[in-house]
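Given the structure is predicted, the values throughout are model-derived calculations rather than measurements.
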Amino acid sequence: MAYEGARLAREAADEYMSDNSEGNVPGRKILVAGSVGPTSKSLSLSPDVADPGYRPYSFDQMRDAYREQIQALLDGGVDLILIETCFDALNVKAALSAIQECKTIRRNEVSEISNEVIPVIISVSVGDRSGRTLTGQTLKAFYTAVSHYPILAFGLNCSLGAAEMAPLVEEISQWCGCAVSCYPNAGLPNEMGGYDQSPEEMAEAVKAMAVKGLLNIAGGCCGTTPDHIRAISAALEGISPRPLPSIKSALSVDRMVRLTVSGLEAVTLDVEHSNFTNVGERTNVAGSRKFARLISEGKYDEALQIAARQIEDGASIIDINMDDAMLDSTREMERFVRYISNDPSVAKAALMIDSSHWETIEAGLKNAQGKCIVNSISLKEGPEKFIEKAKAIKALGAAVVIMAFDEEGQATTLQRKIDICSRAYRLLTEEAGLSPENIIFDANILAIGTGIEEHARYAIDFIEAVRWIKTNLPGALTSGGVSNLSFSFRGNNAVREAMHSAFLYHAIKAGLDMAIVNPSMLQVYDDIEPELLRCVEDVIFNTDPQATERLIDKAARMLEDKDTSAKDTVETRQSASVERSLDERLRTALVKGKSETWAEDVH
């Protein structure tokens, strides 16, 4: 059906453009779009309210179905693919993955990029005037999730009438890096499901958007007739389209200084203005015994509460790691990410898919509707494997963390960090085709204060490596796992918090963009107890051979006061919990997604 429909449309377009066609306008081109709908399925939402992890179809099955349809449209002679009425960005990512596997289009008059790229328009359908899709995703978050493909245009269709859609189109026009399209309904449906807006009324509403410079492509959806389209065409005659840089310049690898990732909402890491981003670390089976236990027992709802608390404490990205010898990491990653999609309090954050197993990384990316960050790949297996994985990550629309690790092992000195990161940057930008803002270097935060002389410069070498990367590898970002720094002081959280806070203070000044850290265990730098701060910074900067011994002595004295402080803290928290009213607890549960006392409170 797809092939025959495309073939007939192609024949009609070619016939009209022929010199002998009645009514032909010389030089006018008629393009044929192959329409690909959203299907009736959602890869992001479970159809079974009792099982948030259930999906009747997988990403790969959806991609294969799209590929069959899209290849038939291309074989039938369409000029471009129109993915329309979209309500789930993960479905669209499956369609884009299918398009990248299809054979090159027969006639490529639309694309300015290359004859290898199939032109694509993506058109979203929102649930209401708030501008969110059926899955709860904002338009910017949706665009972020699919913008890895060089799309020709992005916009809205169906949903609402032109007047109601105008504020959303104006929002899109402010940040969209490609053409903006809009083909709304003929007003809102009446009580019988029909559309009463006349062609003239609809044309005026569309014209109002065009006059403001918001549109590049306009048309009509539900309720529109040939008369509506003629009226819109006449109303827009002579109006200049929205200004747009050429597609080639829009795709330039050095066009951006910001990385934007997304969950239900967009998260922007502004490299130019050095805004620091916390990545929550507690949804990692290797870093949280409680999280590991909940996952092993299948208590995903409770595990989600850990993620929700990380977000409440300031994390805008959540690191998810399921690598454990007692777990099937691929299965657990798939299931937990699916659970996240059904919990808006967690799904609003972007996800960092963290694993040393490639199949587990793929499982995470194929079940997340937003734009993710992969943590991580490295040159450990050589450049060929490295480039292959980087291309696969790019095709699935994610940014990637690169560990300072190569065939010879982990970089521990400043020079080794510089050598590995510069080599990786060249391979990624010149051979894998990644744009710099999608490259995040982790120059290895390693344990200090161990008493081993070779470890004494680990902190300062990391900070200097960050400074070098930001100066010499333009556009790239930096990250690190902060908990490693204080590993030799495990069991003494007060010292660890001070070490992390002081280290981050200096690393951020050097250009660190993000860090995997428990945000609830950070202190304000100026609030760190002065003697402890001096001891910590002496170790971080390796001021003298006795620095570690002084910090160990300080840590021992602090442990003596630990029991009293812990008792006071518990009593304070219990008192605060008792003082909260039932209404306050219910309000917190609804707004923040907390469910610890929900069952008791609703009775």
Strictly by modelled atom types, are Asp419 and Gln415 linked by a side-chain donor-acceptor pair under 3.5 Å? yes

Below 4.0 angstrom, N of the basic side chain to O of the carboxylate: do Glu381 and Lys389 qualify? yes

Determine whether the side chains of Gln369 and Ser341 contain a donor N or O and an acceptor N or O closer than 3.5 Å. no

Asp442 versus Ser479, side-chain donor and acceptor atoms under 3.5 Å: no

Can you classify the ring geometry of His506 versus Phe541 as parallel (below 30°), tilted (30 to 60°) or perpendicular (above 60°)? perpendicular

Kindly say whether Lys93 contributes a backbone atom to a donor-acceptor pair with the side chain of Ser97 at under 3.5 angstrom? no

Between Thr268 and Lys140, is any pair of side-chain heavy atoms under 4.5 Å apart? yes

Side chains of Tyr66 and Gln61: is there a donor and an acceptor less than 3.5 Å apart? no

Working note: Arg335 + Asp328, criterion salt bridge (Lys or Arg N to Asp or Glu O under 4.0 Å); need CA distance, chi angles, decisive distance, verdict. CA-CA 11 Å; Arg335 192 157 184 80; Asp328 181 339; over 6 Å; no

If we count only N and O atoms by modelled type, under 3.5 Å, do the side chains of Gln523 and His500 hold a donor and an acceptor together? no

Angle class for the Phe462/Phe503 ring planes (parallel below 30°, perpendicular above 60°, tilted otherwise)? tilted

Ser316 versus Thr277, side-chain donor and acceptor atoms under 3.5 Å: no

Asn518 to Arg282 - nearest heavy-atom pair and separation: ND2-CD, 3.4 Å

Specify whether Phe336 and Phe291 have parallel, tilted or perpendicular ring planes, treating 30° as the upper limit for parallel and 60° as the lower limit for perpendicular. perpendicular

Hydrogens and angles aside, do Asp88 and Thr135 bring a side-chain donor and acceptor to less than 3.5 Å of each other? no

Do the side-chain N and O atoms of Asn542 and Arg457 include a donor-acceptor pair separated by under 3.5 angstrom? no

Lys554 and Asn492 side chains, donor-acceptor separation under 3.5 Å: no

